[in-house]
Structure formats: C-alpha cells, structure tokens
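Counting from 1, the numbers follow the sequence of the chain as shown.
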Amino acid sequence: MRRLIIFAIVGFFAQLIDGALGMAYGLTSTSLLLAFGVAPAVASASIHMSEIATTAASGISHYKFGNVDKKMVVTLMIPGAISAFIGAAFLSSLPGNLIKPYISIFLLIMGMYILSRFLFKWNPNQEKTTTSSWFLLPLGLIAGFFDAVGGGGWGPINTPALLSRKGAIPSKVIGTVDTSEFAVTTAATLGFILFLGWEQFNYVWVAAFVIGGVIAAPIAAWLVRIIPAYLLGVVVGGFIILTNLHTVLGTIGVSTNNKIAIYILLFILWFVGITFSIRKNSKLGNLVKE
C-alpha cells in the first residue's frame, strides 16, 4: 500500500511537471519503477498504459486553455506513433536484466540534457520564425522510438528541440507535445500488449499512476502560463539524474560509501544549479523590463 501511495504521488507530480514543461512524466515514472527493480519492458509498458489516460486528460486540458497547435499535433503524432510501436517491439524482445543498465544510462543522459538545456541555453526572448514539416517528421520518428524504448522521451526530445526553434511559443509547444503524445503512447501500449501479453502489466501500478496523473493534468495545463519553465527543467533534470544514477553505479560496482559521497556532491550541485538558474533568469527578466 505504501508503494502504491508513492506511485500515485509521483504520478501526480510527474504529470504536473509534464503538463507544465512538456516532458518528464514517462522519464520520472519509469525511473522510479526501475529503482524498485521492475524490468525495463514491464516498466515502460505499465507507464505507457497509464499515459493513455493521463495524456488524454492533459490534451483536453491544454486544448481548452488554447495551448495546442493543431497542424503540428498531426505532423508529430503520425510518425511518432509508428516508431513508438516499433520501439515497443524492439524492447519487448530483449532480456530485462541485459537492457536495464542501458535504459538507465539513456535516461541519465536525457536528464543531463534536460538540465543543461534549461540551465545554460534557455532563452525565451529569441527571434521568431516557423517550423517546417521536414523538421517535425524525423523529430517525431526519433522521439517516438526512444519514448517506447526508454519509457519516456517524447517530451524530452520534442520539447527542447521545438523550443530551440525561433518560431516556438512555449505554451503552444508544451501543449502540442502533450496532446500528440496520446497517439504515441497508445501505439506503444498496443505494441507491448502484442509482444509482451496482458499478463505483464501491473494494473494496480497503472491505476495508481493514472489517479495521480489525471488529477494533475488540468492543474498543469493552467500552470503552464505561470510557472517558469526554466526552473521546472532544472528541477526535473536533476531528479532524473539522481534516480537513474543508482542503477548505473550499481552496474559498475561502486561501493556504498562512494555512492553516498557522489549523491551528496550531486545534491549540492543540483541546489547550486537551481539557485544559478533563478538568479540568471531573474537578471534576464530585469534586463527585458529595462
């Protein structure tokens, strides 16, 4: 029961961050399941099944708040759904113990990317231009595949890439990525059902994540216009790094004392990064006002 409560709370905050930032539900939730010793394919399958409900709730909420670019949704979700199904088939054919360290390394790298992206490269005041289909189609293919394989990746790949474009409007990017994810996570779930079977899903875990995520979805869609995205990016990036580092350090045989020292150092660096991000963007805001 304690674990289910933790899953529901994580599902709530993961969706809150995902809906406000355009990423992190899958990565955060999968990282937690991997930390509890769940096999990668089962973890990814369970999270994707829960995301069918959470992405639907999130998409509806973002649409009502006017955060969705309809044309971009279609252009992203079609190739994303196809590659997510292929990714599910690929992950389902691999032994869990063999792939788990590599999935954690992938999630660790994604966490580092998110952290660096929002800590050093975030610039909401850049000059604007448009985003073409030639950019969106391959982006959707890559993001969909890694979303299924890593248990998360649709938001962390799409959102930073789209926000880096000069024509990006943050609220539109976040709402569009979250809304298009419904088709992607549905395709991935179908793939896991076909190649893993229904018996591999833990429906109690799924229900816990769904309850937390559905409650958070409309709140997140409203908060997307209020909470600074740069701050959420730094926080969630650090969380993903810390969570997946446990598996990576265990795989390479790091001792308990060294693990503790590494975690203490990372917590300090994480706190410094959050402080630096707040001060940096506060100064940027003051310069814009002047």
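For OH of Tyr263, the number of neighbouring non-hydrogen atoms (other residues, nucleotides, ligands) closer than 6.0 Å is greater than 12. Other residues, nucleotides and ligands contribute more than 12 heavy atoms inside 6.0 Å of the CZ atom of Phe195. The number of heavy atoms from other shown groups lying within 6.0 Å of CZ (Phe12) is above 12.
For Ser58 and Asp178, the side-chain atoms include at least one donor-acceptor pair closer than 3.5 Å. A donor and an acceptor atom, one from each side chain of Ser180 and Trp154, are located under 3.5 Å apart.
Side chain of Lys64 to backbone of Pro218: no donor-acceptor contact under 3.5 angstrom is found. A donor-acceptor pair under 3.5 Å links the side-chain atoms of Thr179 to the main chain of Gly175, judged by distance alone. With Thr185 contributing its side chain and His48 its backbone, the two residues share a donor-acceptor pair below 3.5 Å.
Smallest separation of non-hydrogen atoms from Ser29 and Ile47: CB-CD1, 3.3 Å.
Hydrophobic clustering keeps Phe182 apart from Val74 (ILVMFWY residues linked when any side-chain heavy atoms are closer than 4.5 Å, directly or through intermediates).
Checking Asn258, Ile264, Ile262 one by one against Ile260, the side chain to side chain contact (heavy atoms under 4.5 Å, CB included) holds for a single residue, Ile264.
Atom CD1 of Ile78 and atom CG of Leu136 lie 11.5 Å apart (nearest 0.5 Å).
Taking the six-membered ring for Trp and thresholds of 30 and 60 degrees, Phe145 and Phe90 have ring planes inclined between 30 and 60 degrees apart.
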